[in-house]
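Data first, discussion second: the structure below is written as structure tokens.
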Amino acid sequence: MRSLKAIRINQFGTTENLVVEQTEIQAPCKNEVRINLYAAGVNPSDVYTSTGTYAIKPELPYTPGLDGAGIVEEVGDLVTNVKVGDRVFIASLPNGDTTGTIAEKIVCESRFVHSIPEHISFEEGAALGIPALTAYRAIVGRANVKAGQTVFIHGASGAVGLQAVQIAKALGAKVIGTASRESGKQLVKEAGADIVLDHITEQTIHTVLEQTDGKGPNVIIEFLANENLQTDLQMIAKQGVIVVVGNRGEININPRLIMQKECDVRGMVLFNITAGEHQQLIQNVAKLLDNQQLKPVIGYSYPLEEASIAFNAVINGEHNGKVVVRTQ
């Protein structure tokens with residue numbers, strides 16, 4: 001048994017229920033790894049899960065967090081992909097064996113762990129996981145983006161959006177990104193977007209059409225479909241693809257636009273992937289890291305004792321880029 005500090009949730013509800021406690025973890029089993037964590041990523045799904053109203057409902061009490069980064073301390077007998085002393089990132093799934101990343105240490109399955117290069121900090125490593133895998137699956141797995149296409153990222157200043165910009169650029173696409181704040185627009189530009197605009201409404205669709213010779217973008221990555229999907233259908237090029245990554249409600253759309261454009265509207269939830277797809281995503285993200293084509297953007301980092309503030313910041317959209325918790 002190892003004693004450590006961790007965020008614990010003893011009852012579902014508000015972020016006030018996140019408390020720092022001393023807890024213990026077992027030694028890793030034959031296919032597990034124990035990692036000394038330096039940073040953990042906070043995702044919207046972590047916040048939703050903590051309320052007890054999400055599709056994912058862990059057994060109480062639990063330590064939240066699926067993403068993190070640190071140094072391997074101990075490995076099980078069957079682990080071959082990492083070794084003691086390696087700098088690694090963790091990209092776990094809610095149905096896997098893990099003790100939670102918002103803690104000083106974690107024990108998790110080795111399949112969730114991959115080395116990070118020296119030019120990636122632990123905070124940046126903690127910003128991979130769900131954001132990087134979501135961005136890659138949206139751009140490559142669902143939209144099948146090709147070199148020379150135009151990709152419109154509607155809400156590109158968040159953790160997933162900024163990495164989606166970088167991945168699309170790595171594939172040779174032209175990228176148009178939107179953001180609401182000037183600070184966010186600057187980050188989208190620094191991530192590599194060719195054109196950065198305010199969020200598009202029906203009144204400003206012509207702005208995007210002007211940038212695409214009147215044809216519209218080949219691909220739209222949408223993070224707020226309940227507000228933007230009708231506009232996206234008006235913008236998308238014929239035979240284009242809209243990938244819905246985020247949504248917070250309902251919307252009325254005109255299906256005739258789908259018919260006229262012969263476009264595809266594709267949903268995406270990362271947690272639908274198989275174990276094999278998860279491994280492939282991690283490996284593909286790692287290649288982009290090694291080639292320095294992907295570098296997560298940190299919006300703000302909070303100490304372990306302020307994890308509840310970090311949760312509120314994520315759900316309220318207070319920061320562009322990724323929100324992380326420093327665990328040491």
Side-chain angles (χ1 to χ4, degrees), residues 44 124 127-128 131-132 134-140 142-143 145-237 240-248 263 268 288 291-300 313-314 316-323:
E124 291 167 341
L128 294 165
T134 298
Y136 195 97
R137 187 162 188 251
I139 293 290
V140 180
R142 299 300 286 152
V145 169
K146 303 293 186 184
Q149 289 186 320
T150 298
V151 178
F152 179 83
I153 301 176
H154 214 167
S157 61
V160 180
L162 289 167
Q163 295 192 57
V165 170
Q166 296 178 47
I167 293 168
K169 288 302 298 179
L171 292 171
K174 175 183 178 180
V175 176
I176 303 173
T178 73
S180 58
R181 296 188 288 251
E182 288 303 318
S183 58
K185 292 177 188 175
Q186 183 60 34
L187 288 178
V188 175
K189 183 177 180 180
E190 291 172 0
D194 300 279
I195 301 165
V196 183
L197 305 169
D198 289 316
H199 295 318
I200 300 301
T201 65
E202 287 193 34
Q203 290 72 37
T204 57
I205 289 174
H206 67 275
T207 304
V208 174
L209 295 178
E210 287 174 355
Q211 301 293 337
T212 57
D213 298 323
K215 298 176 182 178
N218 306 103
V219 171
I220 296 177
I221 306 297
E222 180 53 65
F223 291 99
L224 195 59
N226 56 295
E227 290 191 8
N228 300 322
L229 185 55
Q230 174 68 12
T231 302
D232 294 339
L233 289 170
Q234 293 173 271
M235 275 193 298
I236 193 72
V241 174
I242 300 170
V243 179
V244 176
V245 180
N247 180 70
R248 292 191 178 188
C263 63
M268 203 214 86
L288 291 172
N291 295 334
Q292 300 191 34
Q293 294 173 306
L294 182 66
K295 189 175 178 66
V297 177
I298 306 304
Y300 203 86
V314 168
N316 294 328
E318 294 175 8
H319 305 297
N320 299 121
K322 182 67 177 177
V323 173

Review point. Under 3.5 Å, side chain of H154 to main-chain N/O of I200, donor-acceptor pair present?
Key: yes
**Study point:** D198 backbone acceptor or donor facing T178 side chain under 3.5 Å
**Key:** no
Check your understanding: In this structure, are over 12 heavy atoms from other groups packed under 6.0 Å from K189 atom NZ?
Key -> no
Review point. Do V188 and I153 have side chains that get closer than 4.5 Å, going by heavy atoms?
Key: no
Review point. Any idea which heavy atoms bring V145 and A173 closest together, and the distance?
Key: CG1-CB, 3.8 Å
**Study point:** Test applied, side-chain contact (heavy atoms from CB on, under 4.5 Å); reference residue, I220; option that passes from N228, D232, L229
**Key:** D232
Review point. With side chains defined as the heavy atoms from C-beta onward, is the minimum distance between L288 and Y136 less than 4.5 Å?
Key: yes
Exercise for review: Determine yes or no for a side-chain-to-main-chain donor-acceptor pair under 3.5 angstrom, with T134 supplying the side chain and P131 the backbone.
Suggested key: no
Check your understanding: Could you give the distance from CZ (R181) to NE2 (H319), rounded to the nearest 0.5 Å?
Key -> 9.0 Å
Review point. Which pair of non-hydrogen atoms, one from V219 and one from A143, has the smallest distance, and what is that distance?
Key: CG1-CB, 3.7 Å
Exercise for review: List the atom of I167, the atom of A132, and the distance in Å for their closest heavy-atom pair.
Suggested key: CD1-O, 4.2 Å
Review point. Under 3.5 Å, is there a donor-acceptor pair between the Q186 and E182 side chains?
Key: no
Check your understanding: Between I205, D213, T207, which is the residue that forms a side-chain contact (heavy atoms from CB on, under 4.5 Å) with L209?
Key -> I205
Practice item. State, with a plain yes or no, whether a side-chain heavy atom of V208 is found less than 4.5 Å away from one of Q211. Key: no
Review point. How close do A237 and C263 get, heavy atom to heavy atom, and via which atoms?
Key: O-CB, 4.5 Å
Exercise for review: Report the distance from atom CE of M235 to atom CD of Q230, rounding to the nearest 0.5 Å.
Suggested key: 11.0 Å
**Study point:** Side-chain donor or acceptor of N226 paired with backbone N/O of N247 under 3.5 Å
**Key:** no
Review point. Q166 side chain to K295 main-chain N or O, any donor-acceptor pair under 3.5 Å?
Key: yes
Exercise for review: Show your working on side chain to side chain contact (heavy atoms under 4.5 Å, CB included) between L224 and E222 and close with a plain yes or no.
Suggested key: CA-CA 6 Å; L224 195 59; E222 180 53 65; 3.9 Å; yes
Review point. Nearest 0.5 Å, what's the CD-CZ distance between E227 and R248?
Key: 9.5 Å
Exercise for review: Looking only at non-hydrogen atoms, find the nearest pair between G321 and L162 and report the distance.
Suggested key: CA-CD1, 3.8 Å
Check your understanding: Within the side chain of D194, is there an N or O that forms a donor-acceptor pair under 3.5 Å with the backbone of V175?
Key -> yes
Check your understanding: Below 4.5 Å, heavy atoms only, C-beta onward: do Q163 and K322 meet side chain to side chain?
Key -> no
Point to revise | Minimum-distance pair of heavy atoms, taken over all atoms of V160 and A135 | key: O-CB, 3.7 Å
Practice item. Hey, could you give me the NZ/CG distance between K146 and L171, rounded to the nearest 0.5 Å? Key: 9.0 Å
Exercise for review: Compare all side-chain heavy atoms of S183 with those of N320 and state whether any distance is below 4.5 angstrom.
Suggested key: yes
Point to revise | Rounded distance (nearest 0.5 Å) linking atom CD1 of I176 with atom OG1 of T212 | key: 6.0 Å
